[in-house]
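A quick write-up on the structure given underneath.
Quick note on labels: first sequence line is chain A, next is B, and so on, each numbered from 1. Both backbone and side-chain heavy atoms feed into the values below; hydrogens, waters and symmetry mates do not.
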Amino acid sequence: MTGLPAQAPARRWRPGPLLPVGEGRDRALSFVIAVLCALACLTAILALAADRAASGWRTQISASATVLVRPGRGQTSSEAAAAAAEALAGVPGVTEARALDRADALRLLTPWLGGGVLPDDAPIPMLVAVDLDPRRPATSAALRAALANAGVQAVLDDHSRWLGDVERAALIARSAALGAGALVALAAGAAVAFATRAGLTSRRDVIEVLHLSGARDGFISGLFERRFAWLAARSGAYGALAAILLAGALKAFGGQDGFTPLLPLQWSDLLAAAPCPLAAAGVAVVSARRAALRVLRAPSQA
Amino acid sequence: MTGLPAQAPARRWRPGPLLPVGEGRDRALSFVIAVLCALACLTAILALAADRAASGWRTQISASATVLVRPGRGQTSSEAAAAAAEALAGVPGVTEARALDRADALRLLTPWLGGGVLPDDAPIPMLVAVDLDPRRPATSAALRAALANAGVQAVLDDHSRWLGDVERAALIARSAALGAGALVALAAGAAVAFATRAGLTSRRDVIEVLHLSGARDGFISGLFERRFAWLAARSGAYGALAAILLAGALKAFGGQDGFTPLLPLQWSDLLAAAPCPLAAAGVAVVSARRAALRVLRAPSQA
Amino acid sequence: MRYGRAPEVLRDIDLTLKPGSFHFLTGPSGAGKSSLLKLIYLAHGPSRGLIRLFGQDISTVARRDVPDLRRRIGVVFQEFRLLDHLSALDNVALPLRIAGRRAQEYRDDVAELLAWVGLGERLEALPSTLSGGEKQRLAIARAVVNRPDVLLADEPTGNVDREMGLRILRLFQELNRLGTTVLIATHDRELVQRAGQPVLRLDGGRLSPPLRPGPPVGQASGPRAEAEAAPELALDPPPPVPPPGPGEAAA
Amino acid sequence: MRYGRAPEVLRDIDLTLKPGSFHFLTGPSGAGKSSLLKLIYLAHGPSRGLIRLFGQDISTVARRDVPDLRRRIGVVFQEFRLLDHLSALDNVALPLRIAGRRAQEYRDDVAELLAWVGLGERLEALPSTLSGGEKQRLAIARAVVNRPDVLLADEPTGNVDREMGLRILRLFQELNRLGTTVLIATHDRELVQRAGQPVLRLDGGRLSPPLRPGPPVGQASGPRAEAEAAPELALDPPPPVPPPGPGEAAA
Ligand SMILES: Nc1ncnc2c1ncn2[C@@H]1O[C@H](COP(=O)(O)OP(=O)(O)OP(=O)(O)O)[C@@H](O)[C@H]1O
Ligand SMILES: Nc1ncnc2c1ncn2[C@@H]1O[C@H](COP(=O)(O)OP(=O)(O)OP(=O)(O)O)[C@@H](O)[C@H]1O
Ligand SMILES: [Mg+2]
Ligand SMILES: [Mg+2]
């Protein structure tokens with residue numbers, strides 16, 4: 001045996017950690033926490049993006065209206081459109097009202113009919129595109145009144161038919177994303193708490209020996225708090241890192257055309273993973289403390 | 001003490017299980033496995049739906065084409081459209097070619113222009129909707145040739161401009177869904193394996209006592225295999241059940257208008273969760289066996 | 001005292017250990033020797049009765065003061081209770097670490113103590129690589145390392161040979177000479193005979209008076225361990241009220 | 001034999017236990033008694049040398065035949081090694097369960113054996129609620145329950161009183177009378193003196209010849225335990241070739 005001789009320089013010697021380290025139990029626990037944290041972070045990041053997408057649809061739709069102008073007597077359709085645009089621009093809550101010229105109108109029709117298919121002389125209705133102030137949009141009634149006042153024969157489409165659908169879809173997407181994020185975060189937290197408690201119970205013998213040797217409750221539970229906080233924080237960091245790399249890859253390679261329009265991920269969303277290690281450590285500390293104190297209170301003075 | 005007296009009827013007595021049961025360790029393990037299995041199942045179910053949505057878009061788009069007919073000399077636009085439809089219907093790979101009447105055409109324009117806004121006498125181009133055989137769609141060239149043969153002046157839109165975009169988006173959605181599913185399933189499997197090993201290592205003492213008492217390797221590892229298989233199967237079943245309930249709720253309350261068009265979940269998709277308990281048990285058995293045999297081989301005959 | 005709903009293990013115990021005394025505790029296996037020691041080192045509360053330790057009724061001691069009492073008691077557990085992940089040196093140093101002593105201060109003392117119990121070559125060994133007797137000596141070294149006011153040893157020589165047993169006895173006697181109150185539960189007749197100290201015998205849950213030179217009784221200041229468990233069943237006579245003096249316990 | 005890179009614990013051991021013999025094994029704490037027993041019950045292989053058990057060289061025994069050999073050996077471990085989650089009854093019945101016996105068959109026998117070692121009232125008790133001596137008796141009951149061909153006991157009386165110690169000795173002698181080869185490692189002089197059986201003394205890694213009536217040597221069939229650990233260092237003399245006869249070991 002190579003035990004240090006008693007007269008070895010005291011300086012070089014350091015006492016061992018009071019809690020056993022590096023057990024398989026701990027590694028399994030770390031791994032599972034890391035996986036759950038990665039899932040929670042990924043869900044949080046995607047939830048942010050989904051939320052942004054949902055509110056994006058909503059504002060895009062509610063912040064615009066289309067007016068189809070029918071030329072009155074003695075007016076070309078262009079003149080009628082210009083008059084309508086002028087009348088609408090004066091309404092409070094309207095940012096801009098723009099009469100589309102024939103080219104614009106055709107461009108708008110293109111996605112639906114294909115390009116360059118309408119005969120040049122096909123009479124198309126004139127459109128006025130109205131942009132509304134997204135914060136205080138003009139009501140449909142105000143727009144209709146302005147058109148009637150200006151004596152323009154026109155049909156207003158404020159997209160309200162679509163708005164309901166889109167809002168419902170957005171609400172669902174948003175709550176699904178947030179719900180999934182909360183669910184996974186909760187599961188990760190519960191797993192940290194649960195596994196911390198289990199990991200601690202299996203070291204009951206250490207607790208009892210320390211206890212009977214006169215260690216204070218705070219000293220003992222502090223050992224476990226630090227151990228599991230550190231374990232959870234490290235696992236949480238690994239998990240967050242994995243989530244950030246994965247989401248970053250999605251953002252980088254998802255491309256402008258493919259994924260991004262559906263799920264407008266922004267680089268700043270990746271920050272949602274940042275609090276993960278801290279949160280994991282916090283959960284671990286609280287549950288380690290509670291579990292340690294329960295073991296401490298149980299056997300003695302029963 | 002209330003020990004059974006030695007002469008108690010032997011019939012009533014049953015020996016205790018050779019492995020300790022109901023430890024906190026096991027409960028934590030069960031919980032974590034259940035959570036990961038639930039996530040894996042949920043991801044699998046949603047991946048199925050996403051995959052269906054993606055291929056749905058693709059076939060919808062690639063299986064149709066639109067032809068815009070310009071009336072030739074001495075033809076009304078309806079006559080021209082009918083001629084075009086007849087010509088196209090004969091092309092191999094075309095399932096149906098249907099001239100839209102004015103009402104149909106207006107209805108198709110409605111989503112974009114709003115309803116009832118076109119003056120009744122507005123001349124609108126006539127459309128022929130062509131449905132293609134999804135398995136062997138007619139090529140654009142074949143359709144164009146057929147139109148030219150019939151002497152119809154027409155513009156063909158085979159949606160190929162959109163097809164590329166949609167195919168890219170579908171590919172991304174599909175691989176994201178499958179990737180997430182595989183990732184979570186892998187994580188769940190690894191957690192089962194890892195945690196099984198850790199749970200077993202902490203019962204090393206039991207293994208050693210059984211070993212030294214003359215138990216065969218297979219007998220000992222069998223105890224652990226059964227124990228952890230059962231634990232993993234039960235946790236997996238709980239997880240699968242949770243996923244099914246959650247996905248079922250999405251399907252039932254997501255509604256026709258909201259979630260379903262985006263993610264066409266079907267009741268049969270929920271079956272994707274069914275193999276979960278079995279898979280979890282399988283992973284657990286394999287890792288329990290490997291871990292047990294490693295412990296058994298290690299200490300003796302070293 | 002009783003465990004759960006089992007019959008009482010200890011009854012009508014009236015034991016006062018004078019500071020600086022040295023007693024053996026004997027009795028058949030299962031008589032309750034370890035249980036009595038548990039009461040004294042506060043691992044278990046009495047189901048009824050009074051325990052006074054260092055002049056304080058332990059039922060009135062605030063929870064946060066208990067560790068201070070425990071630090072004044074050294075215990076050799078029957079099943080050793082070593083920490084498997086710590087070296088021999090760290091195991092022995094445990095009470096010193098808990099008391100807040102610095103590693104550099106105590107290391108050499110601990111190494112010396114280990115050499116004294118014959119483990120000078122195994123300072124870094126883990127308990128799992130020690131023989132039964134080596135573990136027992138390690139447990140003894142841990143119990144005495146911080147010169148406790150009270151030393152409780154439960155079967156401390158069950159796994160060592162006679163020479164080592166006598167060496168351990170000398171260690172206990174030396175501590176006792178320096179003022180430590182010593183109580184040793186043992187089956188080892190030779191040890192008891194060699195020491196020539198009073199023997200308390202526990203049987204059927206009751207304690208017989210000391211067989212050899214009885215322990216001096218009297219008011220005394222300083223360290224003092226007193227364990228007592230009074231009857232509770234209505235059929236038993238009610239325990240007499242303990243005298244209010246600061247010294248001994250009664251029942 | 002050696003542990004890891006530590007110095008050799010056992011050297012030049014040449015021990016043949018005749019079937020049906022009864023030996024004590026003594027020696028100072030840490031001499032290697034438990035290690036020698038470990039070699040015999042196949043918990044540890046020798047770093048060099050030859051071990052023959054029941055006439056077979058254990059290095060040539062197939063892995064799947066080892067359990068059969070182990071079932072013929074009963075061991076009382078120094079640290080008991082009881083299973084904490086099993087009742088006293090289930091702990092003792094363990095070897096029978098492993099051998100495939102049915103619960104209904106063995107239950108009454110096991111309960112009787114437990115009563116014999118004074119645990120008749122604690123059949124359903126968990127080991128953690130037993131006293132030190134009670135645990136030790138449980139470990140002894142487990143070792144003898146299936147009438148092993150060889151019984152190895154490591155310090156089996158360290159935690160029991162004299163009367164119980166002699167009772168246990170009688171149990172071992174009874175088994176021996178029925179044909180079991182018995183080897184008991186102990187520090188208990190009284191036990192050794194009472195038994196009047198040959199004593200092997202282990203010191204400095206070497207085994208002294210039996211002190212009292214030597215074990216009869218000779219070719220014999222039937223159960224036989226032979227442990228041997230030959231020197232390995234080049235400086236040591238090479239071990240003599242073991243004789244090819246089916247009986248004893250050498251080196
Ligand atoms: N935790 C417990 N729960 C229930 N019963 C217990 C517990 N600990 C001890 N006992 C019982 O109390 C009695 C006294 O046990 P104790 O350990 O005090 O005996 P002991 O005198 O130390 O015996 P030994 O000499 O064998 O160590 C025994 O019958 C034992 O089974
Ligand atoms: N697993 C191990 N690894 C390393 N060294 C060990 C191991 N087991 C025992 N030893 C050492 O081998 C030597 C002999 O140990 P063993 O347990 O055989 O002694 P023993 O004769 O049974 O002593 P005791 O009477 O104290 O039980 C001791 O010095 C011990 O420290
Ligand atoms: Mg005891
Ligand atoms: Mg030993």
Side-chain angles (χ1 to χ4, degrees), chain C residues 3-4 6-7 9 26-38 77-80 82 84 117-119 121-122 124-138 154-165 167-168 185-193 201-203, chain D residues 3-4 6-7 9 26-38 77-80 82 84 117-119 121-122 124-138 154-165 167-168 185-193 201-203:
Chain C
Y3 293 101
V9 170
T26 63
S29 174
K33 301 180 294 299
S34 302
S35 304
L36 181 57
L37 296 186
K38 265 188 207 167
F77 300 97
Q78 194 167 9
E79 65 278 23
F80 312 152
L82 301 169
D84 277 337
V117 297
L119 292 172
E121 304 286 292
R122 312 289 316 256
E124 297 298 321
L126 294 179
S128 59
T129 69
L130 294 179
S131 81
E134 286 165 348
K135 279 182 211 162
Q136 191 155 43
R137 287 177 266 153
L138 200 55
D154 200 349
E155 202 68 66
T157 57
N159 287 280
V160 296
D161 49 287
R162 192 175 60 155
E163 288 68 34
M164 186 50 76
R167 199 181 166 99
I168 289 168
T186 189
H187 294 294
D188 189 337
R189 295 187 170 216
E190 196 178 340
L191 196 73
V192 172
Q193 277 156 14
R201 189 169 162 79
L202 198 60
D203 207 347
Chain D
Y3 292 102
V9 170
T26 63
S29 174
K33 300 180 294 300
S34 302
S35 304
L36 181 56
L37 296 186
K38 266 188 208 168
F77 300 99
Q78 194 167 11
E79 64 278 21
F80 312 152
L82 301 169
D84 277 336
V117 297
L119 292 172
E121 304 285 292
R122 312 290 316 257
E124 295 300 321
L126 295 179
S128 60
T129 69
L130 294 178
S131 81
E134 287 165 349
K135 279 183 213 162
Q136 191 154 44
R137 286 176 267 154
L138 201 56
D154 200 349
E155 202 67 69
T157 58
N159 287 279
V160 296
D161 49 287
R162 192 174 58 155
E163 288 68 35
M164 187 51 75
R167 198 183 168 96
I168 289 169
T186 187
H187 294 296
D188 189 338
R189 294 187 170 217
E190 197 177 338
L191 197 73
V192 173
Q193 277 157 15
R201 190 170 162 79
L202 198 59
D203 207 346

Fill in: Atom of C/Ser29, atom of D/Asn159 and distance for their closest heavy-atom approach
OG-O, 4.3 Å
Worksheet item: Checking heavy atoms, do the side chain of C/Glu134, its backbone, both or neither come under 4.5 Å from chain D?
Response: both
Fill in: Contact class of D/Gln136 relative to chain C, heavy atoms under 4.5 angstrom
neither
Worksheet, complete the sentence: Separation between OG1 (D/Thr186) and CG (C/Asp161), nearest 0.5 Å, reads 11.0 Å
Worksheet item: With a 4.0 Å cut-off, would you call C/Glu190 and D/Arg162 a salt bridge?
Response: no
Fill in: Pairs of heavy atoms under 4.5 Å with chain C: top-ranked of D/Lys135, D/Met164, D/Arg137, D/Glu79
D/Arg137
